[in-house]
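Residue numbers begin at 1 in each chain, while the letters A, B, ... track the order of the sequences.
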Number of protein chains: 2
Amino acid sequence: MEIKSRIWIEKDGKPFIGFGKIQLLKMVDEEHSISAAAKRLNMSYKKAWNLLNDMELLAEQPLLVKYIGGKSGGSTTLTAYGKALIKTFDALNNKCETFLNKEFKPETHGIY
Amino acid sequence: MEIKSRIWIEKDGKPFIGFGKIQLLKMVDEEHSISAAAKRLNMSYKKAWNLLNDMELLAEQPLLVKYIGGKSGGSTTLTAYGKALIKTFDALNNKCETFLNKEFKPETHGIY
DNA sequence: TAGCGTTATGTCTTATCGAATATAGCGAAT
DNA sequence: ATTCGCTATATTCGATAAGACATAACGCTA
């Protein structure tokens, strides 16, 4: 018996960042490529692109620097703002999880 | 810009209780009827029944006391254990939300 | 004993979402 | 100029989930 959680940040009532999108951002940061990131996360390129696009549309600063064409066909890297988002979210998520684990002890609640 | 969260409790890796199921339990508690609760939550009787059944199968103590037939066709009420679940979950959820709201101040993270 | 409203459960259809497919543009390298 | 791999974007297709529908058991009431 364990407690789980998902947190996300909304903007104008619309989902801005959450677990999946942050994971995707991390992969893009590592791979310097949307398609490679999508592959590693076992999702279609289109889905990854849509998720990133949704974020970008909601953000007031760009998250990604994209190059089309070039020696390897293209590339995508994160802006400082994009990297900051990852850090912020991870920190918050960790805090939340440790808080909940400390708070939730099945026995003390009479749940078996 | 605001932070949102969903918490749930798992048992053997399977979802036991979460936001929706707790909401349903509350309605059943008020209505003394699965069908009436489903109606108020705008879901089909079958869906409500399935959700409740899933919980019951995972719980080690019964959550519901059901009567079939009778003057109004039947009824369903909560056991003490069922009511305890609601209380526990609500308390935990509230704590989590206030914690996150206190923790998350967009400005301090540089998120605009 | 016929009717009613509820719980109980299976089946069948519909709707939604994601995946696959298709097509185009780009720019460096050869 | 041609090729290549990536970004970009619309459209079609299929699988899965949600919902509608159907049917039965039950026991009180009239």
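For the pair Leu64(B) and Leu25(B), the minimum side-chain heavy-atom distance is below 4.5 Å. The shortest distance between side-chain heavy atoms of Phe104(B) and Met1(B) falls below 4.5 Å.
Test Leu78(B), Ile9(B), Thr79(B), Leu63(B) against Leu85(B) for side-chain contact (heavy atoms from CB on, under 4.5 Å) and you get one pass: Leu63(B).
Rounded to whole Å, the distance from OH on Tyr67(B) to P on dA8(C) is 13 Å. What separates CD1 of Ile34(A) from P of dG25(C) is a distance of 19 Å, to the nearest Å. In this structure, Leu57(A) atom CG and dA8(D) atom P are separated by 12 Å, rounded to whole Å. Following rounding to the nearest Å, Met43(A) (CE) and dA20(C) (P) show an atom-to-atom distance of 13 Å. Remark: P of dT9(C) and CG of Leu52(B) are 13 Å apart, rounded to the nearest angstrom. Computed from coordinates, the Lys46(A) NZ to dT11(D) C1' distance equals 9 Å when rounded to whole Å. Computed from coordinates, the Leu51(B) CG to dT9(C) P distance equals 15 Å when rounded to whole Å. The nearest whole Å value for the distance from the CH2 atom in Trp49(A) to the P atom in dG18(C) is 16 Å.
Nearest approach of Phe89(B) to Phe19(B), heavy atoms of both residues: CZ-N, 3.7 Å.
Set against dC28(D), dT7(D), dT7(C), the side chain of Tyr45(A) has dT7(D) as its closest nucleotide.
Listed pair Thr76(B) / dT6(C) fails the phosphate criterion, with no side-chain N or O lying under 4.0 Å from OP1 or OP2. Listed pair Ser35(B) / dT7(C) meets the phosphate criterion, a side-chain N or O lying under 4.0 Å from OP1 or OP2. Between Lys66(B) and dT6(C) there is no side-chain polar atom (N or O) within less than 4.0 angstrom of OP1 or OP2. OP1 or OP2 of dT7(C) has at least one side-chain nitrogen or oxygen of Ser33(B) nearer than 4.0 Å.
Closest-nucleotide positions on DNA chain C for Gly69(A) and Ser44(A) were compared, and the one nearer the 5' end corresponds to Ser44(A). Each of Ser75(A) and Asn53(A) has a nearest nucleotide on DNA chain D; the 5'-most of these lies closest to Ser75(A). Nucleotides of DNA chain D nearest to Gly74(A) and Asn50(A) differ in position, and the one nearer the 5' end is that of Gly74(A).
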Checklist entry - Given Watson-Crick or G-U pairs with both distances under 3.5 Å, what dot-bracket string fits DNA chain C, with | for other-strand pairs and [ ] for crossing? => result ||||||||||||||||||||||||||||||

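With hydrogens and angles disregarded, a donor-acceptor distance shorter than 3.5 Å links the side chain of Asn101(B) to the backbone of Glu97(B). A distance-only check finds no donor-acceptor pair linking the side chain of Ser75(B) to the backbone of Ser33(B) [under 3.5 Å].
A salt bridge does not link Lys39(B) with Glu31(B): every distance from a Lys NZ or Arg NE/NH1/NH2 to an Asp or Glu carboxylate oxygen is 4.0 Å or more.
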